[in-house]
Amino acid sequence: MSWTLIWQSVGVIVLGTLLLRIAGRKSISQMTMAQVIVMIGLGTLLIQPITGNGYWPTFLLAAVLVVVMILMEFLEIKSNGFETFITGKAVIVIENGELVESNMRKLRLTADKLEMRLRQAGISNSLTLNGLQLKLVGT
């Protein structure tokens, strides 16, 4: 086994961890679709130096992916139109204390999953809600 391969493997872990830290900490369920795509791309890209496809060009491309993702997040903060384009609009799922089933079908959300999300948000009784808009980001 070559020492170069060992050092490249260590470098992949160190530089990959650094890039992922710069990209931000979120669980996959909290990521937007663009963030998930970048993270999957980073995972695929970071293995390239070990397979012999160039060490530094790989990390340069990975850094470009992270920078583009951060730029997209910045644009989402600054522009409502861009945010709507990337993450979609909020959808009303409870109106006047009643479930809006057509909107729940659009979100592919069951009543049980909605109740689970409400409990996680600290809302124990969904019947007390007049209205609820939900924006699904991630899974």
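Along the sequence shown, the residues carry numbers beginning at 1.
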CA sep, side-chain torsions, deciding dist, call: Trp56, Leu61, side chain to side chain contact (heavy atoms under 4.5 Å, CB included): CA-CA 9 Å; Trp56 294 112; Leu61 290 174; over 6 Å; no
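- Looking at Leu118 and Ile94, their side chains come closer than 4.5 Å, going by heavy atoms from C-beta outward.
- Using a distance-only test at 3.5 Å, with no hydrogens or angles considered, a donor-acceptor pair links the side chain of Thr84 to the main chain of Asn80.
- Here the shortest heavy-atom pairing between Ala111 and Leu99 reads CB-CD1, 4.0 Å.
- The side chain to side chain contact (heavy atoms under 4.5 Å, CB included) test applied to Ile13 returns Thr17, not counting sequence neighbours.
- To the nearest 0.5 Å, atoms OG1 (Thr110) and CE (Met104) are separated by 6.5 Å.
- Counting only distance, with no hydrogens or angles, the side chain of Asn103 and the backbone of Val91 share no donor-acceptor pair below 3.5 Å.
- Residues Phe59 and Val12 approach most closely at CZ-CA, 3.6 Å, considering heavy atoms.
- When every heavy atom of Leu19 is checked against every heavy atom of Ala62, the shortest pair comes out as CD1-CB, 3.5 Å.
- With sequence neighbours left out, Leu65 forms a side chain to side chain contact (heavy atoms under 4.5 Å, CB included) with Val38, Leu42, Leu45.
- By the 6.0 Å contact criterion, CZ on Phe82 is enclosed, its count of non-hydrogen atoms from other residues, nucleotides or ligands being greater than 12.
- Residues that satisfy the side chain to side chain contact (heavy atoms under 4.5 Å, CB included) test with Val64, not counting sequence neighbours, are Val68.
- Hydrophobic clustering places Phe85 together with Leu71 (ILVMFWY residues linked when any side-chain heavy atoms are closer than 4.5 Å, directly or through intermediates).
- The two atoms that bring Glu83 and Glu76 nearest to each other are CB-O, 3.5 Å, heavy atoms only.
- Hydrophobic clustering keeps Met69 apart from Phe74 (ILVMFWY residues linked when any side-chain heavy atoms are closer than 4.5 Å, directly or through intermediates).
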Step-by-step side chain to side chain contact (heavy atoms under 4.5 Å, CB included) determination, Ile22 to Ile70: CA-CA 9 Å; Ile22 292 169; Ile70 291 171; 3.8 Å; yes
